[in-house]
Amino acid sequence: MTERRTDDGRWVYGVLDGDVAGPPPCRGVGDAHEVELIRHGDLAAAASPVSLEAFGERGLRESLEDLDRLEALARAHERVLDEALRIGTVVPFRICTVYAGAAGVREMLEREHQPLAAALRRLRGTAEWGVKAYLVGREKGGTATAAAASGTDYLARKRTARDAAETARRELEAAVDAVHARLRERAAGAVLSAPQDRRLSGREDPMLLNAAYLVSDADAEIFGSVFAELGRGLSAQGLELELTGPWPPYHFSEAAAG
Amino acid sequence: MPDVSVDYRRSGGLAAPPSSEGNSLADLLERVLDKGIVIAGDIQINLLDIELLTIKLRLIVASVDKAKEMGINWWESDPTLNAQAGQLAEENRLLRERLDRLERGLAPPEGGMERDGGTERAPVSRGGAQPARHDD
């Protein structure tokens, strides 16, 4: 573990085709905020010079324990990949992939050529779209307000309420499964993730679907139409769909995904 | 898309109200921390060693119900979410420091509240991280 006081480190955002014209035109991480292309063979890494003091093991640890700094790093990482997606195909790297210098990045491009080149071929002409389903406007708790005439009556009502809740739950599950199945038909890949916690999503409504789809540019329009049609059909059931994207294909960067 | 000039993330999705930060932090962290190709770097850092990230990642990878199933109850000891637990963590830290000083037979240093690289978080870290080992 070296902690040198130079700007010789390189933070890598992702890898593009080697013939891309220039680096993504935006600010990056680090003090200089410069984004450069480090080319090697038919690959080009989008990278930023960083000091190995701030971006060495200890510096990164400190940054990552601070939510504001973590957010700034995450947003800068995403910003560069977002711009990269506009100018070509990009294989997004996980955050905090740092090399000791440009030579280290070239060594990595040499060593990892096969999986990176394969990912670029697989992801060419595609983007990732996120779809979430929320349950909105559901009244809280049961609605049995009238006093029960007897204990038996009370138990019967409780059973009825429980059965109704179970039926409603199954219907919602089926509706969400149907959404996923329809969208998947239009996608080259699909990944289901756990619903986000409310404290992270910032939404009170329960999230019932958290999916990512890899969609080819040619199918993007039809994917959008299917999404809109599904959204209209579900509002009566109290389900709201949300579409985000186009994202760099984070969920599909590994060969196994999709 | 129906209108390719629309960047849905900048408008916070078709249904969601616009966010001043563009895409949501949850969506972002879910992707940059948990997804994206993993290639070995020269600087080795295990994201799961980062206390904040293990906390947030648990939020990302496990819903609360799932986390409860797994025996993860960090929110009951996370000082940012629970003031009482925060006091306990602080008390715990001070007691540990006193114990360390007594053991070393050293005089108390001035400015005992000084933060020195996050060691004061250790009690919370242990309390929060332990249950994760049960998820077999």
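Just so we're clear, the structure is a prediction, and the values are computed from it rather than from any experiment.
For chain B, no part of A:Arg10 is nearby; none of its heavy atoms comes within less than 4.5 Å. If you measure heavy-atom distances from A:Tyr134 to chain B, you find no contacts under 4.5 Å at all. Residue A:Glu128 touches chain B through its side chain alone, counting heavy-atom pairs closer than 4.5 Å.
We find the CE-CG distance between A:Met108 and A:Leu116 to be 6.5 Å, quoted to the nearest 0.5 Å.
For A:Arg186 and A:Tyr213, the positive end is not near the middle of the six-membered ring at less than 6.0 Å and at most 45° from its axis.
Under a cut-off of 6.0 angstrom, the local environment of CZ in A:Arg27 is sparse, with at most 12 non-hydrogen atoms contributed by other residues, nucleotides or ligands.
Using cut-offs of 30° and 60° on the angle between ring planes, the pair A:Trp11 and A:His77 is perpendicular.
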